[in-house]
Every structure is written in structure tokens, then in C-alpha cells.
Amino acid sequence: MAKPTVYFSAAIPLAPRLSGINPDWRGQQWQPGAEIGSSPLVMLLTVADAQAALAQGVTAPIILWAPQGQGRLVHPQVVGALDAGSADETVRTTLTAALARSAADSDRAGQMLERVLEVGRALASEKDLDTLFGLILTHARALTNADGASIYTRDAGGTLYFRLWQNATTGDAKDPQKIPAGEHSVAGYVARSGEVLVIDDVYAIDPRAPYQFNPGFDRSSGYHTRSLLTLPLTNKADEVVGVLQLINRKDDAQVRLTDQKTVDLHVRPFDAQDQRVAMALAGQAGVALENSILYADIEKLFEGFIRASVQAIEARDPITAGHSFRVAGFSERLAIAVDRIDRAGLRDIRFSRDELRELRYAALLHDFGKVGVREYVLAKAKKLQPHQLELVKNRFRYARVSLERHALRALLTLNDRKVTAAEFAEARRNIEQQLAARREELDRHMEFVLRVNEPNVTAQEVSNELDAVAAFRFPGEDSEDLPLLEPFEFADLSLAKGSLNSEERSEIESHVTHTYRFLSLIPWTRNLANLPLYAYAHHEKLDGSGYPRRLPGGEIPLQSRMLTISDIYDALTAPDRPYKRGLPPDKALDILAKEAQTGKIDRPLYEVFVESRAWQGG
């Protein structure tokens with residue numbers, strides 16, 4: 001049989017590569033007006049030459065060489081297009097499918113070509129691995145009239161695992177455990193050798209063959225396997241990345257093979273046309289599979305990087321460790337609930353897989369900007385920093401010693417005056433009583449300072465006593481009056497709420513802006529482009545009272561509103577905050593309900609958050 005011929009325009013630079021792409025092809029230059037042979041052929045032509053060939057009455061399938069900007073040609077005979085950027089595997093697959101059209105069964109080959117090319121486009125656009133497996137099996141069965149099909153993938157170590165089975169008679173099956181395929185199984189042999197195996201009857205395999213059929217599934221299910229077509233799935237480097245196995249080619253696609261008699265009547269061997277079409281599909285599937293695995297690996301790598309970044313940030317702020325992961329869980333469950341709900345105002349909201357991932361990443365990274373906040377501010381648990389409190393304690397100690405020294409000096413001075421013993425005893429009693437009273441006052445003030453230093457104690461509760469501490473004076477080295485508290489210490493202990501003064505609170509709030517600036521530096525892919533904006537608005541409130549931009553409700557993205565609810569809930573219930581006790585869920589939800597009633601957070605989203613119990617877990 002003559003070699004398949006690829007006729008090509010003289011202006012196409014791809015021509016010298018054809019022999020390297022497939023040595024079984026014969027390349028021949030074609031000029032408008034020239035005759036073509038009768039062997040299986042395909043024409044790889046420029047737009048101008050294609051128009052000339054069609055005008056000349058050539059009926060062979062045409063692959064258009066159409067670099068960007070040079071136009072397209074729509075005609076039933078134009079079955080595909082290539083350009084200078086087409087990879088060798090794409091060229092091989094496209095030309096192989098086109099040559100199948102000009103083979104003996106031209107009608108069937110033409111239909112198969114169109115379907116293979118359509119399948120190729122579908123496979124190339126699918127990134128989800130499980131969906132891709134299903135597409136490969138569904139299309140492979142449809143193209144070959146196979147009753148069943150299964151797919152295996154190979155890991156980096158070379159081990160082959162069964163992944164998915166489709167069968168019109170028995171139904172589908174997936175292997176979540178990824179059980180290895182036997183080395184001497186049919187699929188194992190094909191993965192190891194890279195050969196295509198066509199077996200007309202699996203129960204008639206020569207016992208001396210380097211592979212054998214395992215009848216275990218047939219025995220357990222009552223199914224009867226007869227014909228097999230098993231092909232390697234190879235990547236661009238011609239490495240086997242998986243195996244596609246087609247089972248029981250039927251002469252009638254509607255027949256279910258429920259018994260031996262039906263199998264005998266309707267199962268046929270896979271013929272040469274099936275092999276050609278399946279190989280063309282396998283070529284595209286192998287590349288799509290590798291791309292999908294690579295895409296999944298990149299996603300895992302990226303998610304791992306994000307998680308590592310979050311853990312590194314939370315290591316600087318152990319007080320809130322786990323917060324970002326919990327908020328991500330709450331937010332994702334809330335989005336899924338909103339996607340499914342049928343309620344006015346929310347029923348039209350839908351989230352794709354990419355949008356859910358974008359929301360999850362935004363939630364994980366919403367506090368990323370804390371890396372720009374000074375650590376002693378970030379981790380401040382009480383009104384005074386530990387070193388500040390230690391300085392206050394030392395001042396109280398110094399005050400005690402100073403008062404004692406002052407009392408001793410008074411006694412020495414009295415002794416120098418040569419007073420009577422009775423007068424000295426009386427004066428000593430008075431001095432010691434005054435000293436004891438001052439010591440007691442110091443102890444009471446110190447105990448008070450320790451209590452008021454807690455962030456849940458407000459100055460209003462103890463304002464008079466705090467003023468008394470500030471008014472206390474003790475003698476210094478030169479008998480000057482010294483205070484127990486410096487003005488900044490008094491101001492911090494007077495905080496009405498929490499542990500941060502206005503300057504520190506402003507610095508903490510700046511983490512939102514830092515988050516946006518840092519995240520905006522990352523060249524996010526198109527499906528993650530809004531991530532920085534969602535994180536930027538997670539402290540905004542619908543009434544404009546939030547920060548940092550005081551956005552009105554209409555300018556706050558829906559995803560940010562979800563983050564806000566999740567963030568507040570976790571902040572209220574977190575058990576690991578040293579400056580407050582975590583609230584029970586019902587109390588936290590009550591606080592959120594008041595926020596919703598006053599128009600600060602999104603009320604419909606809050607209601608879904610409660611009803612779906614998105615706040616549980618995470």
C-alpha cells in the first residue's frame with residue numbers, strides 16, 4: 001500500500017518537519033493546477049492555494065495553513081487549521097485524523113474526523129482531571145461503538161493506576177483508592193511497552209503472551225468481555241502517561257450486553273478504522289491528560305504556597321492562629337449555600353469552581369497585610385506592653401523603697417534633736433503608721449493597675465481609682481515629687497475598649513491596605529484577578545462605617561460581604577484570644593443579627609449563613 005501523502009503549499013515552512021513528525025508519510029509539494037494521486041492523502045495549503053484547489057475540483061480533505069491575520073476559509077472540505085505555533089503533536093493528530101477521512105471508508109472516516117477534531121477541542125479546554133477522564137471515555141466509546149472503556153494513569157514513579165470505568169451495560173465506576181494495575185495485565189503491558197494491543201477475544205489469549213486478561217470483574221459482575229483495544233496515552237515527549245482501554249465493540253450502539261448470547265450476536269473485533277480513530281483520539285487525550293495533571297499540580301503547588309504564606313503570617317501573630325483557615329471554610333460553605341438557595345435577591349447568584357477557589361484564596365489571604373504591621377503591636381494582648389508593665393512595677397518598687405528611706409531619714413533627724421524617749425517613741429509610731437498606710441495604698445494601686453491593664457476592663461468602671469493612682473506621688477532622690485504613672489501609661493490604661501491605643505489601632509487597621517498592595521503585586525491569572533479587591537473590602541460595612549475606605553454598600557463586592565460575616569463570627573467565637581473569652585455560637589450569631597438589623601452587614605447573606613450552618617466546622 002502506498003504511503004499516505006501530504007500535499008503542501010510551497011510557502012508553508014512546516015513541510016521540512018513532516019518526516020520527523022511521522023516517517024510513514026510522504027510529503028509532496030503542490031502547485032495550483034497540478035494533479036494529485038489516489039493514495040490516502042491530505043492537502044496542507046495556504047488560503048490562496050486552498051481556494052485554487054477547490055476551484056479545480058479537488059475533493060481531498062484540506063488542512064488550512066492560516067497564520068493569524070491571514071483570514072480563514074469556510075468549506076466542508078476544510079477540516080482543520082494549523083499555523084507556525086502548532087506543536088508537533090497537534091500537527092500529527094490533525095493530519096492523522098484528516099488522512100483517516102481519505103481512507104477506504106470515506107463517509108465514516110469523514111464523520112470520525114469531524115468528531116475527533118471536535119473532541120480534541122473539548123479535551124484541550126478541560127482542566128479538571130475527573131471531568132477530563134469522563135470526557136475521554138465518553139468520546140472514545142462513541143467514536144468506536146465500544147460498550148465499555150476504562151482509563152489508567154501513571155504516576156511519577158511509573159506505577160499505573162486504574163482511575164475510571166464507563167460501561168453502557170454495567171454502569172460507571174471510579175476507583176478512589178487508586179489500586180495499581182498488574183504489571184502483566186493488558187493495560188500494564190501497554191503502559192510498559194507503549195504498544196497498541198488489539199485483542200479479538202480476551203479468553204483466547206495465548207498463555208505464552210507477556211500479558212493476560214484478568215476475568216475477576218466478569219466473574220463478580222456477570223459481564224462478558226470479549227474484544228479489547230488498548231492504547232497508550234503519550235505526552236508531547238512521547239512518554240506514556242496513561243492507558244485507554246476500549247471494551248466490546250458493538251455493531252449496534254443501543255444494545256446492552258446482558259448475556260452471552262447477546263455478546264455472541266453483537267460484539268465485533270475492533271477494526272483498522274477503529275484503531276486509527278482511537279489512536280488519533282489517544283494522541284490528543286494524552287497531551288490533554290498531561291496538561292490537566294500539570295494544571296492540577298500547579299494548582300496544588302499554588303495552594304500549598306498560599307497555605308504556607310498564611311501559616312508564616314500567623315506565626316507572627318500566634319494569638320489568631322487558625323483564623324484565616326476558619327474564615328476560608330466559613331466563606332466557602334456560605335458561597336455554596338447561596339449558590340443553591342432559591343430566594344428572592346439570591347436565586348440568580350451562581351459560583352463557578354474558579355469563583356469558589358478565588359473566594360477561598362481571598363479568605364485565606366485576607367490578613368496577609370499583617371506582615372507589614374510591627375510585631376509588638378500585632379501581638380499586643382493587654383493595654384500596656386509587657387516591658388511597659390515591668391517598668392511600672394519597678395517604679396512601684398522604687399516608690400516603696402523611697403517611702404521607707406524617707407521615713408528612716410525622718411527618724412534619724414528626730415533622733416538628732418535629742419528628744420525624750422517618750423517623744424521619740426510617739427513620733428516613731430506615727431511615722432511607721434503613715435508608712436504602713438502608704439505601703440498599703442501602693443499595694444492596692446498595684447493590684448488595681450494589674451486589673452485595669454486587662455483589655456476587657458473599661459476606664460469608666462474604675463475611673464476614680466485610676467485618677468487616684470495618677471495623683472499618687474512619692475519622694476525622689478532630691479525629695480522631688482514623682483508620679484507612679486507616666487502620661488502615656490495613664491492614657492493606655494484609660495482605654496475605653498480593647499488593648500490598643502489610637503495609634504496602634506490605626507496601624508492594625510492598615511493591614512487591610514497592606515494586604516491589597518501586596519496582593520496587587522502578584523500577577524494573578526484571569527480567574528483570580530478579583531482576589532485582591534475581595535480581601536481589600538473585608539472590613540467595610542454597608543452603612544459606610546467600615547475601613548479603610550468607608551465604602552457604601554453598593555460598592556462592596558458580594559464576596560467581600562461574605563468574608564465580613566465569616567471574619568466577625570470567627571473573631572467573636574475564637575477561643576484563643578488572650579484578651580477576651582470566645583463567645584458561644586448563639587451569642588455570636590445574636591451580635592451578627594444586630595449588625596444585620598442596623599444595616600452594617602448583608603442581612604440576606606447573614607440569614608443564609610445561619611440557616612446553612614456555614615459557621616460550623618472550619
Side-chain angles (χ1 to χ4, degrees), residues 119 129-154 159-193 195-233 242-271 273-275 277-278 281-282 285 289:
V119 169
L129 201 55
D130 288 337
T131 304
L132 179 65
F133 289 154
L135 282 174
I136 292 171
L137 296 187
T138 298
H139 290 302
R141 288 173 51 219
L143 289 169
T144 59
N145 266 8
D147 188 55
S150 56
I151 194 166
Y152 303 76
T153 60
R154 210 174 191 182
T159 304
L160 189 71
Y161 293 95
F162 166 72
R163 298 301 295 269
L164 185 67
W165 155 284
Q166 283 186 4
N167 192 289
T169 300
T170 66
D172 300 350
K174 183 179 180 182
D175 177 30
Q177 287 80 35
K178 291 177 62 177
I179 298 174
E183 184 179 353
H184 297 291
S185 65
V186 174
Y189 174 79
V190 169
R192 191 170 66 254
S193 66
E195 297 178 18
V196 176
L197 277 185
V198 183
I199 302 173
D200 294 347
D201 187 346
V202 295
Y203 288 94
I205 295 175
D206 189 331
R208 295 168 297 179
Y211 51 83
Q212 293 297 320
F213 173 71
N214 183 350
F217 176 78
D218 281 11
R219 291 171 183 166
S220 63
S221 66
Y223 189 71
H224 189 88
T225 303
R226 177 167 292 174
S227 59
L228 284 183
L229 172 56
T230 310
L231 312 96
L233 302 177
V243 170
L244 172 63
Q245 190 167 76
L246 304 174
I247 302 110
N248 285 348
R249 174 179 174 258
K250 300 182 292 189
D251 59 6
D252 184 347
Q254 305 306 314
V255 170
R256 296 180 69 245
L257 306 177
T258 54
D259 53 54
Q260 184 66 55
K261 182 179 179 181
T262 307
V263 171
D264 293 340
L265 284 173
H266 294 285
V267 173
R268 301 288 182 268
F270 290 92
D271 60 21
Q273 181 65 33
D274 295 320
Q275 294 177 49
V277 171
L281 174 63
L289 177 59

| Flag, side chain of D274 to backbone of D271, donor-acceptor distance under 3.5 Å | yes
| message | Minimum heavy-atom separation for A140 and T144, please, with both atom names. | response | O-OG1, 2.8 Å
| query | Between R141 (side chain) and Q166 (backbone), is there a donor-acceptor pair under 3.5 Å? | reply | no
| Side chains of D264 and R226: closer than 4.5 Å at any heavy-atom pair? | yes
| If every non-hydrogen atom of N167 is compared with every non-hydrogen atom of G148, which pair is closest and at what distance? | ND2-CA, 3.7 Å
| field | Side chain D200, main chain P269, donor-acceptor under 3.5 Å | value | no
| field | Minimum heavy-atom distance between S150 and F162, given as atom pair plus value | value | CB-CE1, 3.9 Å
| query | Roughly how far, to the nearest 0.5 Å, is the OG1 atom of T230 from the CG atom of L246? | reply | 7.5 Å
| Side chain of N248, backbone of A146: donor and acceptor closer than 3.5 Å? | no
| query | For N145, does its backbone N or O pair with a side-chain atom of R249 as donor and acceptor, under 3.5 Å? | reply | no
| task | Please check if the side chain of E183 supplies one atom and the backbone of Y211 the other of a donor-acceptor pair under 3.5 Å. | result | no
| query | Heavy atoms, side chains only, cut-off 4.5 Å: are L229 and Q275 in contact? | reply | yes
| request: Evaluate the criterion side chain to side chain donor-acceptor pair (under 3.5 Å) for residue pair D218 and T225; output intermediate values, then yes/no. | output: CA-CA 7 Å; D218 281 11; T225 303; 3.0 Å; yes
| message | If you apply the rule side-chain contact (heavy atoms from CB on, under 4.5 Å), what do you find for I247 with Y223, and how did you get there? | response | CA-CA 11 Å; I247 302 110; Y223 189 71; 4.2 Å; yes
| request: Determine the minimum heavy-atom distance between L257 and T169, stating which atoms define it. | output: N-OG1, 2.9 Å
| With H266, which of D147, D251, D252 fulfils side chain to side chain donor-acceptor pair (under 3.5 Å)? | D251
| said: Ignoring hydrogens and geometry beyond distance, is a side-chain donor-acceptor pair present between Y189 and Q212 at under 3.5 Å? | reply: no
| note | Scanning both residues in full, the closest heavy-atom pair of L160 with A191 reads CD2-CB, 3.8 Å
| query | Should the ring pair Y203 and H224 be called parallel, tilted or perpendicular, given that the plane angle runs from 0 to 90° and is split at 30 and 60? | reply | parallel
| said: A side-chain contact here means heavy atoms from C-beta on lying under 4.5 Å apart; do L233 and I151 qualify? | reply: yes
| Between S227 (side chain) and R268 (backbone), is there a donor-acceptor pair under 3.5 Å? | yes
| query | Quick one: do D259 and K261 make a salt bridge, cutoff under 4.0 Å? | reply | no
| query | Side-chain contact, heavy-atom cut-off 4.5 Å: P180 with T159? | reply | yes
| T153 versus R163, side-chain donor and acceptor atoms under 3.5 Å | yes
| task | Quickly, which of L231, L244, V196, L197 forms a side chain to side chain contact (heavy atoms under 4.5 Å, CB included) with V190? Name it, please. | result | L197
| message | Working to the nearest 0.5 angstrom, can you tell me the gap between I199 CD1 and F270 CZ? | response | 10.5 Å
| Under a 4.5 Å cut-off applied to non-hydrogen side-chain atoms, are T170 and F217 in contact? | yes
